[in-house]
Student: 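My structure is below; once you've seen it, I'll send some questions.
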Amino acid sequence: EPENYRRIIQYELYLRYYRRALWYAGHPHAYHTIGSSFAVSAQAYCKQGGMNRRQAGEDFYFLQKIIPLGNFAEINTATVYPSPRPSDRVPFGTGAEIAKMLQTDTAEYLVYPAELFFILKQFFELVPIFNTENWERIWEQLAALHPSISQFLQQNEFTEAVEEAKANSTGMASFTKRFFNWFNAFKALKYLNFARDTGFGEADIAQAAANLLKTCKPGNPTPATNTELLLEYRKLDRVK
């Protein structure tokens, strides 16, 4: 039905927006985590104990173990299109999300605002000083960012994670790797949920995707429709 396709355009735009926003913020693990769009070697799969038996999200959690191992890259010569069919087989994911969207009266699809990823970018730019500066200087720099970052870090054992990374690193490269193994894509998602629930709220996908696109491609005209926005994000995904 036409409504199914209108909704899958919104949802695919969200998937591509989220991945692009995380990449723009500077997270090294900014990859799509959709089960039908990745492959791993049998050896790597066995080494990590395979996938868990969750009803949904097993692909996301599995990739949090695989991506940090390295030798993980994108295949940009093919495109995977998510199906527009609704499904109640699992509690969340593409099919469940389409079913939920079809049951709502609003034309909007609400997502994390682009501004949250801009905050994450400022935070990730401070990672080098976590390895070189004292704690007074570190917290001074963090205090200059949006308060949601400091509040989230204080609740998630930030100092312990940094000290552990410093104690087990031989240089900046190994420290950065250890830091992002702690502040992985799941931790980034937890921050986004925390900031959303403590004051930021949500934005319609069209607004959020347009705001990010203006930053990634300054000076270019903003697409007028969700379909045009999606086509722009597909082009971006072919580059990175």
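These numbers come from a predicted model, not from an experiment. Sequence positions, counted from 1, serve as the residue numbers for this chain.
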Student: Would you say Trp182 and Lys187 make side-chain contact, with heavy atoms under 4.5 Å?
Tutor: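 Yes, close enough: below the 4.5 Å cut-off.
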
Student: Do Arg7 and Glu97 meet the salt-bridge criterion of a basic N to acidic O distance under 4.0 Å?
Tutor: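 Salt bridge: no.
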
Student: Using 0.5 Å steps for rounding, measure from the CD atom of Glu228 to the OG1 atom of Thr222.
Tutor: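 The CD atom of Glu228 sits 11.0 Å away from the OG1 atom of Thr222.
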
Student: In Å and rounded to the nearest 0.5 Å, what is the CD1 to OG1 distance from Ile9 to Thr227?
Tutor: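 Reported value, rounded in 0.5 Å steps: 3.5 Å.
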
Student: Are more than 12 heavy atoms, taken from residues, nucleotides or ligands other than Lys166, located less than 6.0 Å from that residue's NZ atom?
Tutor: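 Yes.
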
Student: Nearest 0.5 angstrom please: Ser37 OG to Glu74 CD, how far?
Tutor: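 Nearest 0.5 Å value for the OG-CD distance: 10.0 Å.
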
Student: Under 3.5 Å, which donor-acceptor pairs link side chains of residues 153-160 to any protein atom two or more places apart or in another chain?
Tutor:
residue, atom, partner, partner atom, Å
Asn156, ND2, Phe152, O, 2.8

Student: Taking all heavy atoms of Arg16 and all of Leu230, pick out the closest pair and write down the distance.
Tutor: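 Looking at all heavy atoms of both residues, the closest pair is CD-CD1, 3.9 Å.
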
Student: Are any side-chain N or O atoms of Arg20 and backbone N or O atoms of Leu236, one a donor and one an acceptor, separated by less than 3.5 Å?
Tutor: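 A pair under 3.5 Å: yes.
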
Student: Compile the donor-acceptor pairs under 3.5 Å between side chains in residues 131-145 and protein atoms, sequence neighbours left out, one pair per line.
Tutor:
residue, atom, partner, partner atom, Å
Thr132, OG1, Pro128, O, 3.4
Asn134, OD1, Glu136, N, 3.2
Asn134, OD1, Arg137, N, 2.8
Trp135, NE1, Glu163, OE2, 2.6
Arg137, NH1, Glu140, OE2, 2.9

Student: With a 6.0 Å cut-off (strictly less than), is the heavy-atom count around CZ of Arg234, excluding the residue itself, greater than 12?
Tutor: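 It does: Arg234 CZ has more than 12 such atoms within range.
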
Student: Do Glu108 and Ile205 have side-chain heavy atoms sitting under 4.5 Å apart?
Tutor: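 A side-chain contact is absent here, since even the closest heavy-atom pair is not under 4.5 Å.
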
Student: Any donor-acceptor pair under 3.5 Å linking the side chain of Tyr17 with the backbone of Leu213?
Tutor: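 Between the backbone of Leu213 and the side chain of Tyr17 there is no qualifying donor-acceptor contact (under 3.5 Å).
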
Student: Please walk me through it: do Leu69 and Gln48 pass side chain to side chain contact (heavy atoms under 4.5 Å, CB included)?
Tutor: CA-CA 10 Å; Leu69 300 178; Gln48 295 305 310; 3.5 Å; yes

Student: Nearest 0.5 Å, please: how far is CG in Leu120 from CD in Glu125?
Tutor: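 That separation rounds to 11.0 Å.
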
Student: Minimum heavy-atom separation for Leu63 to His32, with atom names?
Tutor: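 Closest approach of Leu63 to His32, heavy atoms only: CD1-O, 3.8 Å.
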
Student: Under a 3.5 Å distance rule, please check whether Gln10 uses its side chain to pair with a backbone N or O of Ala107 as donor and acceptor.
Tutor: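 Judged by distance alone, yes, a pair lies under 3.5 Å.
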
Student: Answer yes or no: is there a donor N or O on one side and an acceptor on the other, between the side chain of Ser169 and the main chain of Gly171, under 3.5 Å?
Tutor: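 It does not hold such a pair.
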
Student: Between Trp23 and Asp237, is the side chain to side chain contact (heavy atoms under 4.5 Å, CB included) condition met? List the steps.
Tutor: CA-CA 11 Å; Trp23 174 85; Asp237 268 359; over 6 Å; no

Student: Compute the ring centroids of Tyr45 and Phe62, then answer whether they are less than 6.0 Å apart.
Tutor: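 Centroid separation for Tyr45 and Phe62: below 6.0 Å.
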
Student: If you define the side chain from C-beta out and look only at heavy atoms, does anything of Tyr233 sit under 4.5 Å from Leu212?
Tutor: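 Yes. Closest side-chain heavy atoms under 4.5 Å.
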
Student: Please say which of Phe117, Phe123, Phe180 ends up in a ring-ring contact (aromatic ring centres under 6.0 Å, His included) with His27.
Tutor: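 Answer to the ring-ring contact (aromatic ring centres under 6.0 Å, His included) test with His27 among Phe117, Phe123, Phe180: Phe180.
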
Student: In the single-linkage hydrophobic clustering (I, L, V, M, F, W, Y; side-chain heavy atoms under 4.5 Å), do Leu231 and Tyr5 co-cluster?
Tutor: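 Leu231 does not cluster with Tyr5.
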
Student: Is it possible for you to say whether Leu110 and Ile98 belong to one hydrophobic cluster, with membership spreading through side-chain heavy-atom contacts below 4.5 Å?
Tutor: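 Looking at the clustering, Ile98 is in a separate group from Leu110.
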
Student: Anything under 30° is parallel, anything over 60° is perpendicular, the rest tilted; go ahead and classify Phe72 against Tyr31.
Tutor: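 Perpendicular, since the angle between the ring planes exceeds 60°.
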
Student: What is the ring orientation for Phe183 with Phe179, classed by angle as parallel under 30°, tilted 30 to 60°, or perpendicular over 60°?
Tutor: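 Judged by the thresholds at 30° and 60°, the geometry between Phe183 and Phe179 is parallel.
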
Student: Do the side-chain N and O atoms of Ser148 and Tyr191 include a donor-acceptor pair separated by under 3.5 angstrom?
Tutor: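 Side chains of Ser148 and Tyr191: pair found under 3.5 Å.
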
Student: Atom OG1 of Thr170 and atom CZ of Phe175: how far apart are they, to the nearest 0.5 Å?
Tutor: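 Thr170 OG1 to Phe175 CZ: 12.5 Å, rounded to 0.5 Å.
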
Student: When you compare the side chain of His29 with that of Pro68, does any pair of heavy atoms fall below 4.5 Å?
Tutor: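 Counting from C-beta outward, Pro68 and His29 do come under 4.5 Å.
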
Student: What's the spacing between Leu192 CG and Leu22 CG if we round to 0.5 Å?
Tutor: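 That separation rounds to 7.5 Å.
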
Student: Tell me the closest heavy-atom pair linking Gln64 and Phe186, and the distance in Å.
Tutor: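 In terms of heavy atoms, the two residues are closest at OE1-N, 3.9 Å.
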
Student: Going by side-chain hydrogen bond (donor to acceptor under 3.5 Å, both in side chains), name the pairs with one or both residues in residues 193-203, residues two or more places apart or in two chains.
Tutor: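 Every side-chain hydrogen bond (donor to acceptor under 3.5 Å, both in side chains) pair that includes a residue of residues 193-203, provided the two are not neighbours, is Tyr112-Asn193, Asn193-Arg196.
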
Student: Ala195 and Leu116: which non-hydrogen atoms are nearest, and at how many Å?
Tutor: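 Heavy atoms of Ala195 and Leu116 come nearest at CB-CD2, 3.4 Å.
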
Student: Are Tyr61 and Met51 close enough that some pair of their side-chain heavy atoms sits under 4.5 Å apart?
Tutor: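 They are not in contact (no side-chain heavy atoms under 4.5 Å apart), so the answer is no.
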
Student: If you count every heavy atom of other residues, nucleotides or ligands that lies below 6.0 Å from Lys65 atom NZ, does the total exceed 12?
Tutor: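 Yes, NZ of Lys65 has more than 12 neighbouring heavy atoms, counting only those of other groups under 6.0 Å.
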
Student: Is there a donor-acceptor pair closer than 3.5 Å between any side-chain N or O of Thr215 and the backbone N or O of Asn211?
Tutor: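 Between the backbone of Asn211 and the side chain of Thr215 there is a qualifying donor-acceptor contact (under 3.5 Å).
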
Student: What I'd like to find out is whether the side chain of Asp59 reaches to under 4.5 Å of the side chain of Thr33, using heavy atoms alone.
Tutor: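 They are not in contact (no side-chain heavy atoms under 4.5 Å apart), so the answer is no.
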
Student: If you look at every heavy atom in Pro223 and Leu229, which pair is closest and at what distance?
Tutor: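 For Pro223 versus Leu229, the nearest heavy atoms are CB-N, 3.7 Å.
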
Student: Check for me whether Lys121 meets the cation-pi criterion with Tyr24, that is, NZ or CZ under 6.0 Å from the six-membered ring centre and within 45 degrees of the ring axis.
Tutor: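 Yes, Lys121 lies over the aromatic ring of Tyr24.
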
Student: Tell me the closest heavy-atom pair linking Ala208 and Val111, and the distance in Å.
Tutor: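 Heavy-atom minimum between the residues: CB-CG2, 3.8 Å.
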
Student: A quick test of your reading: do over 12 heavy atoms of other residues, nucleotides or ligands sit less than 6.0 Å from NZ of Lys217?
Tutor: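 Yes, the 6.0 Å shell around NZ holds more than 12 heavy atoms from other groups.
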
